[in-house]
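Note: hydrogens, waters and symmetry copies are ignored here, and every other heavy atom, side chains too, is used. In listed order, ligands and their atoms are each counted from 1. Position 1 is the first residue of the sequence, and the numbers go up from there.
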Amino acid sequence: MVKICCIGAGYVGGPTMAVIALKCPSVEVAVVDISVPCITTWNNVEKHVCEADIVFVSVNTPTKTRGLGAGKAADLTYWESAARMIADVSKSDKIMVEKSTVPVKTAEAIERILTHNNNRINFQILSNPEFLAEGTAIEDLFKPDRVLIGGRETPGGQKAIQALKDVYAQWVPEDCIITTNLWSAELSKLAANAFLAQISSVNAMSALCEANGANVLEVSYVVGKDSMIRPKFLNASVGFGDSCFQKDILNLVYICECNGLPEVAEYWKHVIKINDYQKIRFVNRVVASMFNTVSGKKVAILGFAFKKDTGDTRETPKIDGCKGLLGDKAKLSIYDPQVNEDQIQRDLAMKKFDWAHPLHLQPMSPTGVKQVSVVWDAYTATKDAQ
Ligand SMILES: NC(=O)C1=CN([C@@H]2O[C@H](COP(=O)(O)OP(=O)(O)OC[C@H]3O[C@@H](n4cnc5c(N)ncnc54)[C@H](O)[C@@H]3O)[C@@H](O)[C@H]2O)C=CC1
Ligand SMILES: O=C(O)[C@H]1O[C@H](OP(=O)(O)OP(=O)(O)OC[C@H]2O[C@@H](n3ccc(=O)[nH]c3=O)[C@H](O)[C@@H]2O)[C@H](O)[C@@H](O)[C@@H]1O
């Protein structure tokens, strides 16, 4: 009986392990987490890591807020503590699976931690980045566009790839399972999100459309008709949110800079620059449309999470939007069926990037923002809104 343990019971670890458990009755699955609220709903940590043949690590990898690379590099603190725990408790050979999105070459550092702390055990590291989208996580796991598995080009590495492939092959068609070398897999995930975040090109086009009486919906429809460009990701917005696009691109910029590629870093930096510009442009248009001031005016905000069907507010463009309107002394009335008042007040009061850390590790939010009310239906939110 193959035993799988996943470290990190968040948006990725939870659904992924639930689907593996459902689709692989012959596999024993356990999920562990350092968050007590999470752990009470799952299992206890070290026992399951020790007994597992395959250990997935899907801990969060937010942007560093201090030290070398702060504001760009990935914070691998959570990863390091997971790797050290695995090394400490392991008594049998293990396959360790990078499910989190990590900088390319992270596996090298993890290998050093594992072998330095426990050289009696044979560890094989695989990169198996997740491509699920929030709000459609289960469908994406049931029918993924692709499952990507990268490993060392050694007999041990190839054996480990096959062992993981055997798990996914129990419900994913063989031709959807891609195997590569370790570094290609780690970098492919960053590349995939960077390409998706180029929604900034549509948002940049929306500014030009508005300046010339063109309709960005029509323009992107025409562009999406080209069989080489899929229309699914061409919808202009107030800017992309989600906890990963910005952090993964900033990480890509940092990696390019560390590899002496300033021109490449500059290219990717502009995807973020346009995203920030789009968010500010949206606020300016709202204020301009209300005689250049929203001071004392009630503005209803319908939806606070970064997209529908999720309560995830990490990097939601609504944070910058609300802060911009509050800066112009608006009175905000916010409604989102999936986000509670404490989360909204915490997001509006916290420093950038701090909100990307797991809730139980975030600094307690200071007192709530006075001009913000959080209501439980759209009618109340919009009542008397200017
Ligand atoms: N959220 C998403 O839609 C996607 C996220 N990813 C990537 O997956 C990774 C995880 O993301 P999320 O699931 O959204 O993060 P999350 O913050 O929802 O979940 C991470 C969990 O790991 C736990 N954790 C942290 N350190 C731990 C440790 N040492 N031992 C045990 N548990 C620990 C935290 O308490 C938290 O519950 C990130 O690298 C992210 O970039 C990839 C694809 C999609
Ligand atoms: O690594 C991750 O975190 C995940 O990030 C995204 O998934 P997610 O952020 O959950 O949702 P998306 O539907 O991709 O939306 C991301 C952001 O782009 C915006 N978006 C999306 C599509 C579009 O046409 N226009 C647009 O502005 C959304 O509003 C949202 O703010 C990717 O789609 C996943 O493949 C990836 O695994």
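Ligand-side atoms of ligand 1 in range of Leu132: 3 (O), 44 (C), range being under 4.0 angstrom from any heavy atom. For ligand 2, the atoms closer than 4.0 angstrom to any heavy atom of Ile199 are 23 (C), 24 (O), 25 (N), 26 (C), 27 (O). Numbered from 1 in the order shown, with element, the atoms of ligand 1 that lie under 4.0 Å from a heavy atom of Ser81 read 29 (N). Here is the list of ligand 2 atoms found below 4.0 Å of a heavy atom in Glu130: 37 (O). The ligand atoms of ligand 1 that sit less than 4.0 angstrom from a heavy atom of Glu130 are 42 (C), 43 (C). Close contacts between ligand 1 and Cys244 involve ligand atoms 5 (C), 40 (C), 41 (O) [criterion: under 4.0 Å to a heavy atom]. Within the listing of ligand 1, atoms 21 (C), 22 (O), 23 (C), 32 (N) sit less than 4.0 angstrom from a heavy atom of Gly8. Numbered from 1 in the order shown, with element, the atoms of ligand 2 that lie under 4.0 Å from a heavy atom of Lys307 read 10 (O), 11 (O), 12 (P), 13 (O). The contact set between ligand 1 and Arg314, taken as ligand atoms under 4.0 Å from a residue heavy atom, comprises 1 (N), 14 (O), 15 (O), 16 (P), 17 (O), 18 (O). Within ligand 1, counting atoms from 1 as listed, the ones closer than 4.0 Å to a heavy atom of Asp33 are 21 (C), 22 (O), 23 (C), 31 (C), 32 (N), 34 (C), 35 (O), 36 (C), 37 (O). Remark: ligand 2 atoms within the under-4.0 Å shell around heavy atoms of Glu134 are 10 (O).
When hydrogens are left out, the protein atom nearest atom 28 (C) of ligand 2 is Phe306 O, 4.5 Å; that is the closest non-hydrogen contact.
Between the side chain of Asn251 and the backbone N or O of Val102, no donor-acceptor pair lies under 3.5 Å. For the pair Lys99 (side chain) and Val12 (backbone), a donor-acceptor distance under 3.5 Å is absent. No donor-acceptor pair closer than 3.5 Å links the side chain of Asn275 to the backbone N or O of Val271. With Gln278 contributing its side chain and Ala204 its backbone, the two residues share no donor-acceptor pair below 3.5 Å.
Side-chain atoms of Thr77 and Asp75 form a donor-acceptor pair, as typed in the model, at a separation below 3.5 Å. For Asp377 and Thr380, the side-chain atoms include at least one donor-acceptor pair closer than 3.5 Å.
For the residues Pro129, Ser200, Ser100, Cys244, the heavy atom positioned nearest atom 2 (C) of ligand 2 is part of Cys244. Here the shortest heavy-atom distance to atom 2 (C) of ligand 1, taken over Arg84, Met85, Glu134, Lys99, belongs to Glu134. Counting heavy atoms only, Lys189 comes closest to atom 36 (C) of ligand 2 of the residues Gln278, Lys308, Arg314, Lys189. Around atom 37 (O) of ligand 2, the closest heavy atom drawn from Asn235, Asp242, Leu132 belongs to Leu132.
Residue contact annotation: Lys232 has a non-hydrogen atom under 4.0 Å from ligand 2. Ligand 1 is approached by Lys247 to a heavy-atom distance shorter than 4.0 Å. Contact analysis puts Phe245 in contact with ligand 2, with a non-hydrogen atom separation below 4.0 angstrom.
Under a 4.0 Å N-O distance rule, the pair Glu51/Lys94 does not qualify as a salt bridge. For Lys279 and Asp320, the salt-bridge test passes: some basic side-chain N is under 4.0 Å from an acidic carboxylate O. With respect to Asp88 and Arg84, no salt bridge is recorded, no charged nitrogen being found less than 4.0 Å from a carboxylate O. A salt bridge links Lys72 with Glu257: at least one charged nitrogen is closer than 4.0 Å to a carboxylate oxygen.
The aromatic rings of Phe195 and Trp268 are tilted relative to each other, their planes meeting at an angle between 30° and 60°.
The N/O atoms of Ile34, backbone and side chain alike, include one that comes under 3.5 Å of an N/O atom in ligand 1. For ligand 2, none of its N or O atoms has an N or O atom of Thr101 under 3.5 Å away. Ligand 2 has an N or O atom lying under 3.5 Å from an N or O atom of Gly241, backbone or side chain. Geometrically, ligand 2 and Asp248 share no nitrogen or oxygen pair separated by less than 3.5 Å. Checked by distance only, ligand 2 and Gly239 stay at 3.5 Å or farther apart across all their nitrogen or oxygen atoms. Looking at Val12 next to ligand 1, an N or O pair under 3.5 Å apart turns up.
Only the backbone of Ser58 comes within 4.0 Å of ligand 1, judged by heavy-atom distances.
For the pair Lys23 and Phe142, the distance from NZ or CZ to the six-membered ring centre is under 6.0 Å and the angle to the ring normal is within 45 degrees. Arg146 forms a cation-pi arrangement with Phe131, by the criterion of a distance under 6.0 Å to the ring centre and an angle within 45° of the ring axis.
For the side chain to side chain donor-acceptor pair (under 3.5 Å) with Lys247, the qualifying choice from Thr61, Thr101, Thr63 is Thr61, the only one to do so.
Note that atom 32 (C) of ligand 2 has protein non-hydrogen atoms nearby, at separations under 4.0 angstrom.
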Inset, instruction - With side-chain contact (heavy atoms from CB on, under 4.5 Å) as the test, would you mind laying out the steps for Ile86 and Leu114 before giving the verdict? - result: CA-CA 8 Å; Ile86 293 168; Leu114 294 172; 4.2 Å; yes
